[in-house]
Amino acid sequence: MFLPAQAPLELLQLDWLTAACVEVAILRLDQIDPLISGNKWFKLVEHLKTADRNGAVGIISLGGAHSNHLHALAAAGKRLGFQTVGLLRGHPQETPTVVDLQAYGMHLHWLGYGGYRARHEPGFWEPWRAQYPHLHAVPEGGGGLAGALGCAAIKAQVDAQLSLLGWRDYHGWWLACGTGTTLAGLVLAEAGAHPVYGALAVPEDHGVAVQVESILQGSGRTDYELIDASRGGFAKVDSALLAFIAQTELDCGVPLEPLYTGKALLALKQQVEAGKFAAGTRLIFVHTGGLQGRRGFNTHSVGS
Ligand SMILES: *Cc1c(COP(=O)(O)O)cnc(C)c1O
């Protein structure tokens, strides 16, 4: 019932890949569904199953005013017909994301900034559970082991399409990391067969390594590498990044956004040009979506 549609897997045609004799196939998770986009859908699947098993009639979760997670959740609620409640960071504002959340029928509560910061405190959920006893609570971003397990389906989508590219195998994965949940899910699904390279959209001190380790704990898996792709901070955008995104879209038609996918592909270019991957290497780049959030940014402006 919760099976996402197949995302296309396409060869990326870019000069800097050709020059290095490195082949990259891009899994277009931005195209799995007209409403629901990107990795957030996969991270929700196990949470939706748990909600179902527990007899919950919907999901309550939290995020910011541009949140890809809340957007995917609200879209899934509309698509599959369950109730959604979103707890938002900050004060009421009308971003394109927020307009969609409301159009999809998500009920919103604005927590302010202090109220949102309290989300990790022990008593945080109590009043919300009391107010919405029939809803299942999902952590910020759909993280944790449940979120990671849903991402095994991403590998299945690639496996099903490799032969269409004429590939028998690949050498590894490359994808953007925010919490590292999706990366951890792929590491578990690979079970050592191929390494997973995570391009960090947040600075290294944001605890991604710890979160990945906590999800992988007990599995014994260490087949991954985290690379700083944050360019000075989460959501920090500079002119070289914007120029790269515009050029990539011109060259191969793939739309990227500046927070995750644009930074991840630019970091891959830098690593390829530095000789990290031998000629003949074949990689899977995951387009993790996020294009809905791009509407909230003036992509011509530079700064934090
Ligand atoms: C949330 C998000 C990520 C990061 O996913 P994690 O599982 O938190 O690492 C990457 N790309 C996009 C577009 C996202 O919305």
Side-chain angles (χ1 to χ4, degrees), residues 12 16 22 24 26-27 29-30 38-40 42-43 63-64 66-69 120 139-145 147-148 151 154-155 171-190 194-217 221-242 244-245 248 254 256-277 281 283-291 293-294 297 302-304:
L12 263 188
W16 51 272
V22 169
V24 172
I26 182 169
L27 183 68
L29 297 187
D30 58 314
N39 63 333
K40 298 299 185 289
F42 296 85
K43 294 170 71 174
H66 302 281
S67 170
N68 293 326
H69 162 65
H120 301 304
E140 195 178 28
L145 182 60
C151 296
I154 297 175
K155 174 172 153 48
H171 297 95
W173 296 80
W174 191 281
L175 78 159
C177 288
T179 63
T181 307
T182 308
L183 170 132
L186 287 172
V187 172
L188 289 173
E190 283 287 350
H194 305 102
V196 185
Y197 300 96
L200 291 172
V202 297
E204 269 165 338
D205 62 5
H206 271 222
V208 176
V210 176
Q211 290 186 72
V212 171
E213 275 166 37
S214 87
I215 293 173
L216 296 180
Q217 166 188 58
R221 292 288 159 215
T222 55
D223 326 279
Y224 66 94
E225 189 183 326
L226 300 177
I227 294 108
D228 187 355
S230 69
R231 305 180 71 83
F234 180 62
K236 277 238 168 94
V237 171
D238 57 87
S239 53
L241 172 67
L242 294 178
F244 172 76
I245 290 172
T248 303
V254 173
L256 302 168
E257 44 66 53
L259 271 53
Y260 294 102
T261 51
K263 285 184 178 179
L265 193 65
L266 181 49
L268 176 59
K269 176 172 187 270
Q270 290 165 342
Q271 294 291 329
V272 163
E273 287 174 347
K276 183 178 178 73
F277 298 106
T281 301
L283 297 172
I284 307 291
F285 180 92
V286 184
H287 191 311
T288 42
L291 297 172
R294 182 166 87 157
F297 281 79
V302 177
S304 50

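Values below: every heavy atom of this structure, side chains too, minus hydrogens, waters and symmetry copies.
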Inset, instruction - For Phe285 and Tyr197, run ring pair (Phe, Tyr, Trp, His ring centres under 6.0 Å): C-alpha distance rounded to whole Å, both residues' side-chain angles, the deciding distance at 0.1 Å, then the answer. - result: CA-CA 10 Å; Phe285 180 92; Tyr197 300 96; over 10 Å; no
Can a donor-acceptor pair be found, under 3.5 Å and without considering hydrogens, that links the side chain of [X] to the backbone of [Y]?
| X | Y | answer |
| --- | --- | --- |
| Lys40 | Gly289 | no |
| Lys263 | Ser230 | yes |
| Arg231 | Lys236 | no |
| Glu140 | Gly143 | no |

Going from [atom1] on [X] to [atom2] on [Y], what distance comes out if it is rounded to the nearest 0.5 angstrom?
| X | Y | atom1 | atom2 | value |
| --- | --- | --- | --- | --- |
| Leu188 | Tyr224 | CG | OH | 10.5 Å |
| Leu256 | Thr288 | CG | OG1 | 9.5 Å |
| Glu204 | Asp228 | CD | CG | 4.5 Å |
| Leu29 | Leu175 | CG | CG | 9.5 Å |

With a 4.5 Å cut-off on side-chain heavy atoms, are [Y] and [X] touching?
| X | Y | result |
| --- | --- | --- |
| Leu183 | Leu226 | yes |
| Lys269 | Glu273 | yes |
| Val286 | Asn39 | no |
| Leu265 | Thr261 | no |
| Trp173 | Thr182 | no |
| Glu257 | Asp30 | no |
| Asp223 | Glu190 | no |
| Pro258 | Ile245 | yes |

What closest approach, in Å, do [X] and [Y] show between heavy atoms, and which atom pair accounts for it?
| X | Y | result |
| --- | --- | --- |
| Tyr260 | Ala176 | O-CB, 3.6 Å |
| Gly198 | Cys177 | CA-SG, 3.6 Å |
| Phe234 | Leu259 | CZ-CD2, 3.9 Å |

Inset, instruction - Scan Val210, Ile215, Val208 and name whichever one has a side chain to side chain contact (heavy atoms under 4.5 Å, CB included) with Val212. - result: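 Passing option: Val208.
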Inset, instruction - Determine, stepwise, if the pair Thr179 / Lys43 fulfils side chain to side chain contact (heavy atoms under 4.5 Å, CB included). - result: CA-CA 11 Å; Thr179 63; Lys43 294 170 71 174; 3.8 Å; yes
Legend entry - salt bridge (Lys or Arg N to Asp or Glu O under 4.0 Å) against Glu225, all qualifying residues, sequence neighbours excluded: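 So Glu225 forms a salt bridge (Lys or Arg N to Asp or Glu O under 4.0 Å) with Lys276.
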Legend entry - Pair Trp174-Gln271, side-chain donor/acceptor within less than 3.5 Å: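 Their side chains do not contain a donor-acceptor pair, so the 3.5 Å distance test is not met.
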